[in-house]
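What follows is one structure encoded as structure tokens, with my remarks underneath.
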Amino acid sequence: MPITRDAVARWIQAYAAVLAEQKDQLTQLDMDIGDGDHGENMNRGFQAVLAKLPGVADKDISTLFKTVAMTLISTVGGASGPLYGTLFLQMAARTAGKQELTPSELAEALKAGVDGVMSRGKAVAGDKTMVDALQPALEALQQALGQGVELAEALNRAATAADQGRQATIPWVAKKGRASYLGERSAGHADPGATSSHLLIQCAARTLG
Amino acid sequence: MKKLINRPQDVVTDALRGMAAAHGDLVRVNFEPNYLVRADAPVRGKVGIVSGGGSGHEPMHGGFVGMGMLDAACPGAVFTSPTPDQMLAASQAVNGGMGVLHIVKNYTGDCLNFEMAAELARAEGIQVEQVITNDDVAVQDSLYTAGRRGVGVTVLVEKLAGAAAEQRRSLQEVADLARKVNAQGRSMGMALTSCTVPHAGKPTFQLGEDEVELGIGIHGEPGRKRIKLAPASEVAAMLVEPILADLPFKSGDSVLAFVNGMGGTPLIELYILYAEVTRILEAKGIKIARNLVGSYITSLEMAGCSITLLRLDEELTRLWDAPVKTPALRWGV
């Protein structure tokens, strides 16, 4: 079954709701190894996205992603603004004119987004960043779809992989972002960006499958 | 949290309204997107200098907008870098036909957003150069971190590049000068207390009564290590020694010594520290030719300080002495 434009809108709405609910926990994670603004920034950005969604209710998936991207870039700031903005901007570029996506088109769009994040942030897997949740999620999704697994189950596997990726960051020493300034002291805490990325994939599993 | 604010989400705009009211003769404030420009911007035939970063570091950067220093400043949310649309709008507002220099502190968020802003400005035909400050010796400059943070030297780069732009030097020359200042300056900071980001509502970290954080940045993030509180003479040595070792500064050098308060430390303590810095440098045959003592790049109400040393030559000394007229730094006019 194809992924409709409305399902994509529900994904974004679900993520905004989760961020509003979890912003204090995300901020606490960021206080542990950063400066304590991640939850607040992401919530500010996605609340602004929610306000823009009605204005593009009749537009295609690409326009929806692009609206999310531009809103995040202009409201979030920090590293999260450009990184999450780039994720959605690249997904917009890969879904031009589409009212629906096949599962493999979703995976291709997500791949473009994750590649964009890595290139913008110059981060690779293992640096203790959002890439550590996104990259395994993408790989799990691609692998499951390649094996002919149903979309709902493939997205569940992606969410599980994102969660494992997030947990894997706990013992690591950060190499990118503000947490890297703590050196060894950044170990023992999950990366806030990997955590918010896991939530994004988890919401996809709940709404797109 | 006990702060003199209205609502946490209004902290930045309320402060900007205050700056507009207090310094309307020097700066104009724009809202949505938020930025400050000098009252006479754009100055034709002069390189425009734009800086920015999270709020909470006052007087940096908004307090340094005016003649002889910044043409524009972009304040982000507290401790959060501003967004590319703010930087683009500020760049457009100060472009006097000679291009725009972005002064960016080496923090991931600032770098990413300024990078996007530069792409957008160049797409509009505005010439943009970027200089990244990274003077913090507490951070190893290696492939395994985001690199050294830009801290105290940023204030000095803004003053000196501002003076160079005022002399109508070209964009390339002003950018080269800014890079030279960054290359010859080093800083290190420490905290006696944490600070409380208004949105978070509680201190970013907890310190025992007898503990201090050594090697902090400017965002309330913990430092490199936690040590027992020591007398000012020992703290001064702990901050100055790694700075001297890093450049290295040597006997016979002239320096600008900048003792900066993090927001919650009174001048009496900063002067005590400055006396210790003077003693250490004199013993090594290093001459303090110029100085700056006060709270110029801060972390909200954090108690603590940073020390920045900049190796001076004749050119930099003249540029430092050049007139400046901004809300927070003013002399020679």
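When reading the values below, keep in mind they use all heavy atoms of this one structure, side chains included, and skip hydrogens, waters and symmetry mates. Per chain, numbering begins at 1; letters A, B, ... match sequence-line order.
Counting only heavy atoms from C-beta outward, the side chains of B:R149 and A:Y181 approach each other to under 4.5 Å. Residues A:R185 and B:R226 meet the side-chain proximity criterion, which asks for heavy atoms closer than 4.5 Å. Side-chain contact check for B:M116 versus A:I73: some heavy-atom pair is nearer than 4.5 Å.
Shown here for A:P82 and B:L112, the closest heavy-atom pair between the two residues is CG-CB, 3.7 Å. In terms of heavy atoms, A:G78 sits closest to B:S81 at N-OG, 3.1 Å. Between A:S180 and B:A146, the shortest heavy-atom contact is OG-N, 3.0 Å.
Here the OG1-CG distance, from B:T83 to A:N41, works out to 11.0 Å after rounding to the nearest 0.5 Å. Atom OG1 in A:T27 sits 9.5 Å away from atom NZ in B:K202 (nearest 0.5 Å).
With a 4.5 angstrom heavy-atom cutoff, A:S80 does not touch chain B via any of its atoms. Looking at A:A174, the atoms closer than 4.5 Å to chain B (heavy atoms on both sides) all sit in the backbone: N, CA, C or O. Only the backbone of B:P203 comes within contact range of chain A, judged by heavy atoms closer than 4.5 Å.
Each salt bridge (Lys or Arg N to Asp or Glu O under 4.0 Å) pair with one or both residues in residues 117-136 of chain A, not counting sequence neighbours, appears once here: A:R120-B:E115, A:R120-B:E119, A:K122-B:E115.
Taking a cutoff of 4.0 Å between a charged side-chain nitrogen and a carboxylate oxygen, A:E184 and B:K225 do not qualify as a salt bridge.
Ranked by heavy-atom pairs shorter than 4.5 Å toward chain B, the options A:V76, A:D37, A:L83, A:T75 are led by A:D37. Each of B:D85, B:T108, B:N113 has some count of heavy-atom pairs under 4.5 Å with chain A, and the biggest count is that of B:N113. Residue with the most contacts toward chain A among B:G54, B:P84, B:P82: B:P84 (heavy-atom pairs, distance under 4.5 Å).
Applying the salt bridge (Lys or Arg N to Asp or Glu O under 4.0 Å) rule to B:E129 yields the partners B:R179; only residues at least two apart in sequence or on another chain are considered.
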